[in-house]
Amino acid sequence: MEKALLLGDEAIARGAWEAGCRVVSSYPGTPSTEVTEAIAAYKEINAEWAPNEKVSLEVAFGAAMAGARAMACMKHVGLNVAADPLFTAAYTGVRAGLVVVVADDPAMFSSQNEQDSRYYARSAHVPILEPSDSQECKDFTALAFALSEQYDTPVLVRLTTRIAHARSLVTLGERLDRPVPAWEKEPQKYVMMPGNARRRHPIVEQREKKLAEDASEMEINRIEMRDTTLGVVCASVCYPYVREAAPDASVFKLGMTYPLPETALRAFAAKVERLIVIEELEPFMEDSLKAMGLPAAGKAETGLQGELGVRKVRRALFGGETRLIAAPPQVLPRPPALCPGCPHRAVFNILRKQKLNVFGDIGCYTLGATPPLNAMDATLCMGASIGMAFGAEKAQGKAFSRKSVAVIGDSTFLHSGVTALIDAVYNSGTITVLILDNRITGMTGHQENPASGRDIYGSPAPMLDLAALCQACGVKHVRTADPYDQKALDAAVGEEVSREAVSVIVVKWPCILLEKEHPAPYHVEGCKACGVCMRLGCPAIGSGADRTVQINPNTCVGCGLCASVCPFGCMKLLERGEHA
């Protein structure tokens with residue numbers, strides 16, 4: 001049979017295709033983004049980027065209710081946004097399989113928190129599957145659709161960064177051709193007014209009880225008996241860690257971590273002398289085993305934070321190090337930075353110059369908080385910048401807004417910033433909002449959004465006019481600006497923060513990585529070592545022992561920002577092909 005080396009995310013996409021999935025709606029968020037990008041290559045699946053995760057799950061639910069297998073994909077914090085439809089979809093059930101893929105991010109490689117999505121499964125009373133490699137990613141996705149239909153419930157499939165972004169061999173299969181049945185009206189099942197919801201809630205409890213009973217017989221929950229001195233309960237990426245760290249230990253490998261197979265777990269615990277749970281983040285399984293009365297341990301040794309690994313698992317199981325491990329080589333730190341020529345850098349240069357309080361948001365521009373820009377004071381979650389700025393005005397008074405701004409990207413504004421803007425207008429705020437419109441969803445790898453003019457397939461799509469949208473929200477003072485016209489942007493920000501009303505500046509410039517060709521680079525002549533250009537934090541600019549600066553022609557994209565801030569005119573544009 002044909003095999004392929006796939007990322008876990010790509011294997012999820014393949015599993016959805018093989019299962020006959022017809023509709024996928026997602027919002028990009030690392031480490032889940034590649035699932036939907038890979039799905040877009042399958043012509044049998046109607047894929048889309050939704051404005052946010054709530055919308056994506058509602059679209060997927062609508063498709064499943066109408067008889068088509070459907071899936072929504074998101075990262076862990078995106079599940080917060082999608083929780084509203086998830087909890088009620090657990091009451092209604094589904095007509096065709098509905099799968100929600102959620103990717104957690106232990107160690108916060110690209111996230112603002114370490115959320116454990118397994119608690120959503122328990123709280124919403126839906127099952128959750130956790131694959132441990134790419135083959136299981138494919139197989140568990142197909143199984144999730146089958147379980148969804150068998151038990152009339154949405155099913156969560158949980159990844160972590162290490163599973164989503166690791167490659168392993170996958171045996172490929174054929175697509176299940178599952179026709180979409182004719183539409184049926186079932187208002188008592190799908191109209192969740194209180195009377196109907198009260199009748200559905202007992203069904204949810206019965207379903208959950210049946211799942212728990214059946215879990216002990218499911219093949220994805222398996223016992224591997226070896227030496228009975230040590231028994232380990234684990235799932236997801238912790239399974240290969242345990243197998244390498246303790247090859248002789250008996251293992252209960254869970255594929256479904258909620259509801260847990262209590263009967264099988266009790267039988268396993270009775271056969272081993274010492275019972276340890278190895279899991280990342282919260283003691284979700286450990287607490288459940290303790291609630292069963294089983295003598296489980298684990299988190300006291302592994303801790304609640306970050307990723308685990310073979311070394312940490314070995315230490316947790318046996319104490320200390322059981323083999324010599326070479327010290328890692330010394331590597332110079334490389335903190336993340338805005339790209340050379342990034343238009344966001346030009347904006348933060350002005351905000352720092354005006355010494356404004358800056359309420360930021362989720363996106364590349366979060367790096368405006370890092371040295372040497374140091375121009376952002378708060379970042380909370382998607383779309384929060386506008387609400388935070390308005391809340392600070394309520395606490396500090398309207399004079400505070402004359403020295404404050406909210407900064408948000410185009411995709412994030414459409415995700416969840418619009419409603420906060422409406423709130424500020426409706427409640428007579430005086431905040432100033434800068435929408436950094438770089439024409440793409442940049443941080444997660446250039447996914448399209450409703451303001452970019454293209455859909456997930458790269459085909460032309462209606463382009464939302466952000467300025468017109470803000471005006472429709474009631475903002476009377478809306479203007480656009482070029483970030484590289486520093487003088488004009490400086491004046492525009494100064495004018496808008498002084499207004500006694502909500503105002504918006506749409507700062508428009510495409511992400512520099514979208515440009516295929518760039519102007520010739522700059523070089524330095526007669527540097528006075530004043531350091532003004534160094535405060536931009538551009539990776540193409542460096543200084544020597546004498547504090548004079550140089551520009552790396554291999555990384556400079558010729559944006560001209562350094563030339564616009566140099567007080568002595570030392571930055572000179574090279575001719576194409578010329579060397580300084």
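Just so it is clear, the structure is predicted and the values come from calculations on it, not from any experiment. Atoms considered below: every heavy atom in the structure, side chains included; atoms not considered: hydrogens, waters and symmetry mates.
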Colleague: Does N221 reach the side chain of F252, with side-chain heavy atoms less than 4.5 Å apart?
Modeller: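 Answer yes - side chains close enough.
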
Colleague: Do the side-chain N and O atoms of Y190 and N196 include a donor-acceptor pair separated by under 3.5 angstrom?
Modeller: no

Colleague: On the ring face of F87, is R200 found with NZ or CZ under 6.0 Å from the centre and within 45° of the axis?
Modeller: no

Colleague: Less than 4.5 Å apart, side chain to side chain, heavy atoms only: is that true for V94 and M65?
Modeller: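 No - every pair of side-chain heavy atoms lies 4.5 Å or more apart.
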
Colleague: Working note: K299 + E282, criterion salt bridge (charged side-chain N to carboxylate O under 4.0 Å, His left out); need CA distance, chi angles, decisive distance, verdict.
Modeller: CA-CA 8 Å; K299 277 298 158 187; E282 302 296 325; over 6 Å; no

Colleague: If you compare all heavy atoms of T441 against all heavy atoms of E448, which two are closest, and at what distance to 0.1 Å?
Modeller: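 The pair with the smallest heavy-atom distance is OG1-O, 4.0 Å.
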
Colleague: Say whether, by atom type as modelled, one donor and one acceptor occur between the side chain of T88 and the main chain of P85 under 3.5 angstrom.
Modeller: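 No, because the side chain of T88 does not come within donor-acceptor range (under 3.5 Å) of the backbone of P85.
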
Colleague: Run the ring-centre check on F284 versus Y119 and record whether the distance is less than 6.0 Å.
Modeller: yes

Colleague: Can you tell me if E10 uses its side chain to pair, donor with acceptor, with the backbone of L7 under 3.5 Å?
Modeller: yes

Colleague: Can you tell me if T412 uses its side chain to pair, donor with acceptor, with the backbone of I408 under 3.5 Å?
Modeller: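 Not a single qualifying donor-acceptor pair exists.
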
Colleague: In terms of side-chain heavy atoms, does S134 have a donor or acceptor partner in S168 at a distance below 3.5 Å?
Modeller: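 A donor-acceptor contact under 3.5 Å links the two side chains.
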
Colleague: Are E18 and K138 within salt-bridge range, i.e. N to O under 4.0 Å?
Modeller: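 Judged by the 4.0 Å cut-off on N to carboxylate O distance, E18 and K138 do form a salt bridge.
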
Colleague: Report yes or no: does S148 contribute a side-chain atom to a donor-acceptor pair with the main-chain N or O of A144 at less than 3.5 Å?
Modeller: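 No: the side chain of S148 does not pair with the backbone of A144.
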
Colleague: Within the 3.5 Å criterion, strictly below it, is a donor on T257 or R158 matched to an acceptor on the partner's side chain?
Modeller: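 No donor-acceptor contact under 3.5 Å links the two side chains.
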
Colleague: With side chains defined as the heavy atoms from C-beta onward, is the minimum distance between M218 and L211 less than 4.5 Å?
Modeller: yes

Colleague: Show the nearest heavy-atom pair for residues E53 and A82, with the distance to one decimal.
Modeller: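 Heavy atoms of E53 and A82 come nearest at O-CB, 3.7 Å.
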
Colleague: Taking all non-hydrogen atoms of both residues, which atom of Y365 and which atom of G409 are closest, and how far apart?
Modeller: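 That closest heavy-atom pairing would be OH-N, 2.8 Å.
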
Colleague: Counting distance only, does the side-chain N/O of T366 pair as donor-acceptor with the main-chain N or O of G363 below 3.5 Å?
Modeller: yes

Colleague: So, the side chain of D248 versus the backbone of D227: is there a donor-acceptor pair under 3.5 Å, distance only?
Modeller: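 No.
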
Colleague: Quick check: do L338 and T370 have side-chain heavy atoms less than 4.5 Å from each other?
Modeller: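 In short, these two side chains do not touch, never coming nearer than 4.5 Å.
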
Colleague: Heavy-atom distance under 4.5 Å between the side chains of L265 and V233, does that happen here?
Modeller: yes

Colleague: Considering non-hydrogen atoms only, spot the tightest contact between P31 and D9 and give its length.
Modeller: O-OD2, 2.6 Å

Colleague: Do S117 and D104 have side-chain N/O donor and acceptor atoms under 3.5 Å apart?
Modeller: yes

Colleague: To the nearest 0.5 Å, what is the distance between OG1 (T153) and CD (E208)?
Modeller: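 One finds 9.0 Å between OG1 of T153 and CD of E208.
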
Colleague: Calculate, to the nearest 0.5 Å, the distance between atoms OH and CD1 belonging to Y120 and I128 respectively.
Modeller: 11.5 Å

Colleague: Given 3.5 Å as the limit, does a donor-acceptor pair link the side chain of Q396 with the main chain of A392, or not?
Modeller: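 Looks like no, no N/O pair under 3.5 Å.
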
Colleague: Measuring only between side-chain heavy atoms, which start at C-beta, is I39 closer than 4.5 Å to M71?
Modeller: yes

Colleague: Mind checking the CD1-OG spacing from I12 to S32? Nearest 0.5 Å is all I need.
Modeller: 10.5 Å

Colleague: Do any N or O atoms from the side chain of D377 and from the backbone of V358 form a donor-acceptor pair under 3.5 angstrom?
Modeller: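 Such a contact is found between D377 side chain and V358 backbone.
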
Colleague: Check whether R222 reaches the backbone of G255 with its side chain - one donor and one acceptor, N or O, closer than 3.5 Å.
Modeller: no

Colleague: CG of L260 to CE of M292: how many Å apart, nearest 0.5 Å?
Modeller: 5.0 Å

Colleague: What residues, two or more places apart in sequence or in another chain, satisfy side chain to side chain donor-acceptor pair (under 3.5 Å) together with K209?
Modeller: none

Colleague: Please examine the side chains of Q112 and M108, heavy atoms only from C-beta on, and report whether any two atoms are closer than 4.5 Å.
Modeller: no

Colleague: Take atom CD in Q305; do more than 12 heavy atoms of anything else shown fall under 6.0 Å from it?
Modeller: no

Colleague: Between T160 and V237 (side chain of the first, backbone of the second, donor and acceptor by atom type, cut-off under 3.5 Å), is there such a pair?
Modeller: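 No: the side chain of T160 does not pair with the backbone of V237.
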
Colleague: Is it true that E224 and Y239 share a donor-acceptor pair across their side chains at a distance under 3.5 Å?
Modeller: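 Distance-only check passes for Y239 and E224.
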
Colleague: With a 4.5 Å limit on heavy-atom distance, are the side chains of S216 and E262 in contact?
Modeller: no

Colleague: In terms of side-chain heavy atoms, does N113 have a donor or acceptor partner in H76 at a distance below 3.5 Å?
Modeller: yes

Colleague: Tell me, with the steps shown, if K253 and E136 meet salt bridge (charged side-chain N to carboxylate O under 4.0 Å, His left out).
Modeller: CA-CA 12 Å; K253 191 233 183 254; E136 288 191 350; 2.9 Å; yes

Colleague: Is the shortest side-chain N to carboxylate O distance from D152 to K210 below 4.0 Å?
Modeller: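 No.
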
Colleague: What I want to check is whether the side chains of D105 and Q115 have a donor and an acceptor closer together than 3.5 Å.
Modeller: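 Absent: no donor and acceptor within the cut-off.
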
Colleague: So which atom in A70 and which in A64 form the shortest heavy-atom distance, rounded to 0.1 Å?
Modeller: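 Shortest heavy-atom separation between A70 and A64 comes out as CB-N, 4.1 Å.
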
Colleague: For the residue pair Y27 / S411, report whether a side-chain donor-acceptor contact shorter than 3.5 Å exists.
Modeller: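 Yes, side-chain donor-acceptor contact under 3.5 Å.
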
Colleague: Any salt bridge (charged side-chain N to carboxylate O under 4.0 Å, His left out) involving residues 267-279? Give me the pairs, sequence neighbours left out, ordered by first then second residue.
Modeller: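 Residue pairs with at least one partner in residues 267-279: R118-E279.
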
Colleague: Specify the closest pair of heavy atoms between C364 and G442, including all atoms of both residues, with the distance to one decimal.
Modeller: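 Looking at all heavy atoms of both residues, the closest pair is SG-C, 3.9 Å.
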
Colleague: How long is the straight-line distance from CZ of F390 back to OG of S385, given to the nearest 0.5 Å?
Modeller: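 S385 OG to F390 CZ: 14.0 Å, rounded to 0.5 Å.
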
